[in-house]
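Please read the structure below before turning to the comments.
Nothing here was measured: the structure is a model prediction, and the numbers come from that model. So that the names make sense, note that chain A is the first sequence line, chain B the second, and so on, each numbered from 1.
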Amino acid sequence: MTNLKFGPLLKRGVEEIVVEQELIKLLESGRRLRLKQGFDPSSPDIHLGHIVGLRKLRQFQELGHKVILVVGDWTARIGDPSGQSATRPMLSPQEVEANAQTYMKQFFKVVDKGKTELRWQSEWYGQFTLDEVIKLTSKFTIAQLLAREDFNKRYSSGNPISLTELLYPLLQSYDSVVVKADVEFGGTDQKFNCLLGRELQQSMGQPSQQVFLVPLLIGTDGSQKMSKSLDNHIGIDEPPQEMYGKVMSIPDHLITDYFELVTDVSDEEIVAFKEQLNTRSVNPMNLKKRLAYEIVTQFHGNQAAVKAERHFTKVFQQGEIPEDIPKYTFTAKHAQDELYEVDIAPTLLQKGLVKSNSELKRLLAQGAIELNGKKLSSNITVAQDGDILRIGKRCFVRIAIK
RNA sequence: GGAGGGGUGCCGGAGUGGUUAAUCGGAGCAGUCUGUAAAACUGCCGCCCGUUGGGCUGCGUAGGUUCGAAUCCUACCCCCUCCA
């Protein structure tokens, strides 16, 4: 039974709360809660998938609670073992520092910096002695760790698990002890680690933290969780047009999830959207345009969103030429009046618009290259200053003859 | 210390002497279509050139056998599992 007062806070965009009643008690106590959120500065970019949790943090902050951001400069070295077992290269302290800065810049686009306490793991792990490592490891058993699904899978299917990976959940748990977390936030894939934190806190004489798990956002491919390594992500630092376009490319069935998890659009409206989609009384594209607009506005402001929308309509719906086109210089071979014979290959290669000569040939063969709207069949062509070259569906170049 | 398994293109994963630039799936790209950069369908997907063709590089590394090797041999490097 959810307390009415905290209904939306504890319901929308929430997968699971352990233990919900305990959390409600904490909220009702009027105490300023310490909300722990950890991140590994191994890959610094925040995408929409992360936003789900960050928005929750923000909501808690608005009720006066405090976020403790734990920079996992030590766990980053191990790499979160969830998912693949690829061993990551060790990061240098400089890289970690740079990544952390990039991350935080993005983090504070959503979370209120003034109500956040920043902690680095190195504050405590920097001085950690073997003695303490032994004490920490003695609190856990192998069986306990093998209870974690991905460890279990890997173990029983004969795949390797390194000792350091096993250590990962322990470090994360101990963070909770150090920062005296009341609540730990994470995606559902963090459940095990967070629960372990509860046990460690208890065995070290602290009240157990509550665990607040948000759903994993499905990526633009429509099937797997959003993640940078799967390349199905929408980064919050991406330029407005890119962001808008990527949102438009999500499969239709994700539309309402996205509204629910990463926008402020009201529940009532979302219910209406669902109804409209079910009865096919709305073109999904229009809902997606609204979604894209909401999302771009959140990170780039209203103006940029309007502009991105216009760009989309113009270029992709009406097949017109966009407003801002980069100008590149092409070298002419022969000139006759205002017409020049030009080989477009060198410039395109040099600017990286085309990966290789072979690729250019392929694109030409596939009719993917247009000059002023006319398909080209050869990289040698006749052009004029100011002509527009289109490569594929997204890339436009204005020609400057030299 | 012992026994065994394995390293293939962006990823996964076939292939155990020639017809293999390497089956297949995913990702990516392009085209068609469309109400969208959705879906669907088709094609492309190492590099280079004189492109219905030709050349080069390529299956952990280095050699070797052979007319011919990802496939066989030798050495080396790396990874994993099991027993102790």
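Residue A:Gln318 is classed as having no contact, given no heavy-atom separation below 4.0 Å to the nucleic acid. Residue contacts shown for A:Gly245 include a base, since a base heavy atom lies under 4.0 Å away. Among the protein residues, A:Asn357 comes within range of the sugar-phosphate backbone only, with heavy atoms under 4.0 Å from sugar or phosphate atoms but none that close to a base. As judged by a 4.0 angstrom heavy-atom cut-off over every strand, A:Gln317 is placed among residues touching the sugar-phosphate backbone only. The residue A:Ser358 sits close to a base: some heavy atom pair falls under 4.0 Å.
Following rounding to the nearest Å, A:Gln241 (CD) and B:A37 (P) show an atom-to-atom distance of 15 Å. Rounded to whole Å, atom P of B:U36 lies 19 Å from atom NE2 of A:His253. Between A:Ile255 atom CD1 and B:U36 atom P there is a gap of 14 Å when expressed in whole angstrom units. Spacing between atom CG of A:Leu287 and atom P of B:A37 amounts to 16 Å, rounded to whole angstrom units. In this structure, A:Lys361 places its NZ atom 6 Å from P of B:G50, rounding to the nearest Å. Atom P of nucleotide B:U51 and atom CG of A:Leu364 are separated by 14 Å, given to the nearest angstrom. Rounded to whole Å, atom P of B:U36 lies 12 Å from atom CZ of A:Phe316. At whole-Å resolution of the value, CZ in A:Arg362 and C1' in B:C49 are 14 Å apart.
Across every non-hydrogen atom of A:Gln106 and A:Ile46, the tightest pair is OE1-N, 2.7 Å.
No hydrogens or angles considered: a donor-acceptor pair under 3.5 Å links the side chains of A:Arg148 and A:Asn193. Donor-acceptor pairing under 3.5 Å is lacking for the side chains of A:Glu184 and A:Gln37. A donor-acceptor contact under 3.5 angstrom links the side chains of A:Lys36 and A:Ser176, judged on distance only. Side-chain atoms of A:Ser208 and A:Glu199 form no donor-acceptor pair, as typed in the model, at a separation below 3.5 Å. Side-chain contact check for A:Asp73 and A:Tyr125: no donor-acceptor pair (N or O, by modelled atom type) lies under 3.5 Å.
A:Glu294 has a carboxylate O that lies under 4.0 Å from a charged side-chain N of A:Arg290, or vice versa, which qualifies the two as a salt bridge. Salt bridge status for A:Arg34 with A:Glu117: present, with a side-chain N to carboxylate O gap under 4.0 Å. The pair A:Asp267-A:Arg12 counts as a salt bridge, with a side-chain nitrogen and a carboxylate oxygen less than 4.0 angstrom apart. Using a 4.0 Å cut-off between charged nitrogen and carboxylate oxygen, A:Lys307 and A:Glu309 do not count as a salt-bridge pair.
An OP1 or OP2 oxygen of B:G31 is reached within less than 4.0 angstrom by no side-chain nitrogen or oxygen of A:Gln366. Regarding contacts with the backbone of B:A38, every side-chain N or O of A:Ser249 stays at 4.0 angstrom or more from both OP1 and OP2. Taking only side-chain nitrogens and oxygens, A:Lys375 comes nearer than 4.0 Å to OP1 or OP2 of B:U32. Remark: A:Arg394 is not in phosphate contact with B:G28, judged by side-chain N or O atoms under 4.0 Å from OP1 or OP2.
Annotation: side chain of A:Gln210 is not in contact with side chain of A:Asp182 (no heavy-atom distance under 4.5 Å). In this structure, A:Asn379 and A:Val342 have side chains that are not in contact, with every pair of non-hydrogen atoms separated by 4.5 Å or more. Using a 4.5 Å cut-off on side-chain heavy atoms (C-beta onward), A:Phe192 and A:Leu145 make contact.
Stems are defined here as 3 or more consecutive Watson-Crick or G-U wobble pairs with pairing distances under 3.5 Å; those involving RNA chain B are B:1-7 with B:77-83, B:10-12 with B:24-26, B:28-32 with B:40-44, B:46-49 with B:53-56, B:60-64 with B:72-76.
When the nucleotides B:A30, B:U36, B:C47 are ranked by their closest atom to the side chain of A:Ala368, B:A30 comes out on top.
Within residues 289-315 of chain A, the residues having any heavy atom under 4.0 Å from RNA chain B are, by residue number, A:Phe312.
Taking atom P on both B:G53 and B:A21, the two are 14 Å apart, rounded to the nearest angstrom. For the C1' atoms, the distance from B:G60 to B:U71 is 15 Å, rounded to whole Å. Comparing the P positions of B:C41 and B:C79 gives a spacing of 44 Å, expressed to the nearest Å. For the P atoms, the distance linking B:C48 with B:U34 amounts to 36 Å, nearest Å. Using atom C1' as the reference point in both B:A69 and B:U81, the two lie 30 Å apart (nearest Å). Atom C1' of B:C73 sits at a distance of 11 Å from the matching atom of B:U66, rounded to the whole Å. Going from the P atom of B:U57 to that of B:G25 covers 30 Å, rounded to whole Å. Comparing B:G12 with B:A27, their C1' atoms sit 11 Å apart, to the nearest whole Å.
The aromatic ring centres of A:Phe212 and A:Phe60 sit less than 6.0 Å apart.
The 5' end of RNA chain B is approached more closely, in terms of each residue's nearest nucleotide, by A:Ile369 than by the other of A:Lys288 and A:Ile369. Taking the nucleotide of RNA chain B with the nearest heavy atom to each of A:Ile250 and A:Asp231, the more 5' of the two is matched to A:Asp231.
For B:U36, its base sits under 3.5 Å from the side chain of A:Asp252 at one donor and acceptor pair at least.
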Distances for protein N or O near nucleotides 55-57 of chain B N or O, under 3.5 Å:
none

